[in-house]
There are 2 protein chains.
Amino acid sequence: MALKKGYAGQDCSLARTLELVGERWTMLVVRDAFYGVRRYSDFLAHLDIPRAVLSARLRTLTESGVMERRRYEESPPRDEYVLTEKGRRLWHALFALLMWGQEFAGGTTVRRRYLHAGCGTELEPSGGCAACGRAAVPPEEVELRPGPAADGPAARQDPVSRALLRPHRLLEPLET
Amino acid sequence: MALKKGYAGQDCSLARTLELVGERWTMLVVRDAFYGVRRYSDFLAHLDIPRAVLSARLRTLTESGVMERRRYEESPPRDEYVLTEKGRRLWHALFALLMWGQEFAGGTTVRRRYLHAGCGTELEPSGGCAACGRAAVPPEEVELRPGPAADGPAARQDPVSRALLRPHRLLEPLET
DNA sequence: CAGTGTTGATTCGTTCATTGAACCGAGTAG
DNA sequence: CTACTCGGTTCAATGAACGAATCAACACTG
């Protein structure tokens, strides 16, 4: 996991959470999985992550039950990595971190907007929907849309980034 | 920050957030700050963190405006580290990670409970209060109480851990 | 059926971060 | 003067991340 002894001695839910998803890159892999990324090569292209690290992260995520490796084609054999229920439940934590970054670490450019699908309202920073009165919108009901700064000069040009310029339901496989 | 180039190329709120609070130990330092820990030696005793790492984390947290270093005694000169508004706004993300760990990474033992102070209701996993209908309870209104497994055999014995066995309002300085 | 391309990796040398112990300096109490 | 506490820094050893190269399985092309 992390370094020498994990967070030994910290018998705390947060420490245990960080053992699973607190390593470098792990949360970004999970974020991409919410965005609909499923294939090794797509994670690789979108994250600019060393291959060895991506392999290691996908392995620990599947071993801990956050993601699941699934054969979706027999010939040629192709596997995909998808979030399990356990993984999907990370949405609120991930969204909270995202909103915090948008407010405090971002500057002014909004690259992506998160809407409550159907209702069409933008999600609250708390992850709820003001229009519906839902305190916690599950990721299946969230639609991702490009924000005003989505296609700016600093935008990435890989296939995944381009695919994310189209409105897209979270967790649905991405069309690259 | 992190390794060679941070998360260069990931122009995303989440990546920027992780640049600030995604390093090893950082979130645990922030958690302790919510618990009321303020002094270098108390972080050290409670976290079992190498001194060099604690110094580095406190420095980056103050440099990025998440925490503030404050002189609270002139002779002998003593400083304390407290969360800024920017830091306090991390509460919801931190609480979401905590709840996820309690459900999925914890086992069955609940060491701490989080109540809406005044109202006395236990917080929802979403961070809201069902009784008051508040979608997002701010940390100032959260009371921390020991749960059933708080004083179990695996409990730490440092002064900070012992102080946390008493009911305690978040962010209030801890009496050690 | 040899050559080329794609996918999903592993291996390896270099660079960087973490660890834990030792050390240090300011200040104070005895 | 000595001892002790607080809040660090320094240092050698270790482990993780990086990026490039390589590899194996399979499909497609000519």
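Lettering of chains follows the sequences in order, A, B, ..., and the numbering in each one begins at 1.
Take A/A150 and apply the side chain to side chain contact (heavy atoms under 4.5 Å, CB included) test, not counting sequence neighbours, and it matches A/P146, A/L165. For B/E124, the side-chain hydrogen bond (donor to acceptor under 3.5 Å, both in side chains) test picks out no residue, with sequence neighbours left out. Considering only residues two or more places apart in sequence or on other chains, B/E73 meets the side chain to side chain contact (heavy atoms under 4.5 Å, CB included) condition with B/P76, B/R78. Contacts of A/R169 classified as side-chain hydrogen bond (donor to acceptor under 3.5 Å, both in side chains), with partners at least two apart in sequence or in another chain: none.
Regarding B/L44, its CG atom lies at a distance of 14 Å from the P atom of D/dT5, rounded to whole Å. In this entry the distance linking CD of A/E73 with C1' of D/dA27 reads 10 Å, nearest Å. The CD atom of B/E74 sits 11 Å away from the P atom of C/dG27 (whole-angstrom rounding). Rounded to an integer number of Å, the gap from CZ of B/F43 to C1' of D/dG7 is 13 Å. With rounding to whole Å, A/E23 atom CD is found 9 Å from D/dA16 atom P. Here D/dG7 presents its P atom at 10 Å from CZ of B/R71, a figure rounded to the nearest Å. For B/L58 and D/dC6, the CG to P distance is 16 Å, given to the nearest whole Å. Between the C1' atom of D/dG19 and the CG atom of A/L54 lies a distance of 14 Å, rounded to the nearest Å.
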Nucleotide N/O of nucleotides 6-8 of chain C paired with protein N/O under 3.5 Å:
residue : atom : partner : partner atom : Å
C/dT7   : O4'  : A/R78   : NH2          : 3.3
C/dG8   : OP2  : A/S41   : N            : 3.4
C/dG8   : OP2  : A/S41   : OG           : 3.4
C/dG8   : N7   : A/R51   : NH2          : 3.1

Polar atoms only, N or O, under 3.5 Å: list the protein pairs with nucleotides 1-3 of chain C and their distances.
none

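Nearest-nucleotide positions on DNA chain D for A/A52 and A/P76 put A/A52 closer to the 5' end.
Residue A/S55 places at least one side-chain N or O under 4.0 Å from the OP1 or OP2 atom of C/dT10. At the phosphate of C/dT19, OP1 or OP2 sits under 4.0 Å from a side-chain N or O atom of B/W25. Contact between the side-chain N/O atoms of A/R24 and the OP1/OP2 oxygens of C/dT18 is not found at any separation under 4.0 Å.
The ring-ring contact (aromatic ring centres under 6.0 Å, His included) pairs that include a residue from residues 47-81 of chain B number zero, where partners must be two or more places apart or lie in different chains. Identified under the ring-ring contact (aromatic ring centres under 6.0 Å, His included) test for residues 118-171 of chain A, with sequence neighbours left out: none.
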Return a table of donor-acceptor pairs under 3.5 angstrom between the side chains of residues 89-100 of chain A and protein atoms on other chains or two or more places apart.
residue : atom : partner : partner atom : Å
A/R89   : NE   : A/E85   : OE2          : 2.9
A/R89   : NH1  : B/E103  : OE1          : 3.0
A/R89   : NH1  : B/E103  : OE2          : 3.0
A/R89   : NH2  : B/E103  : OE2          : 3.4
A/H92   : NE2  : A/V137  : O            : 3.4
A/W100  : NE1  : B/K86   : O            : 3.0

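Heavy atoms of B/A56 sit nowhere under 4.0 angstrom from any nucleic acid atom.
Cation-pi check for B/R24 over A/Y7 is met; the charged atom lies under 6.0 angstrom from the ring centroid and within 45 degrees of its normal.
Distance alone, capped at 3.5 Å, places no donor-acceptor pair between the A/R31 side chain and the B/A15 backbone.
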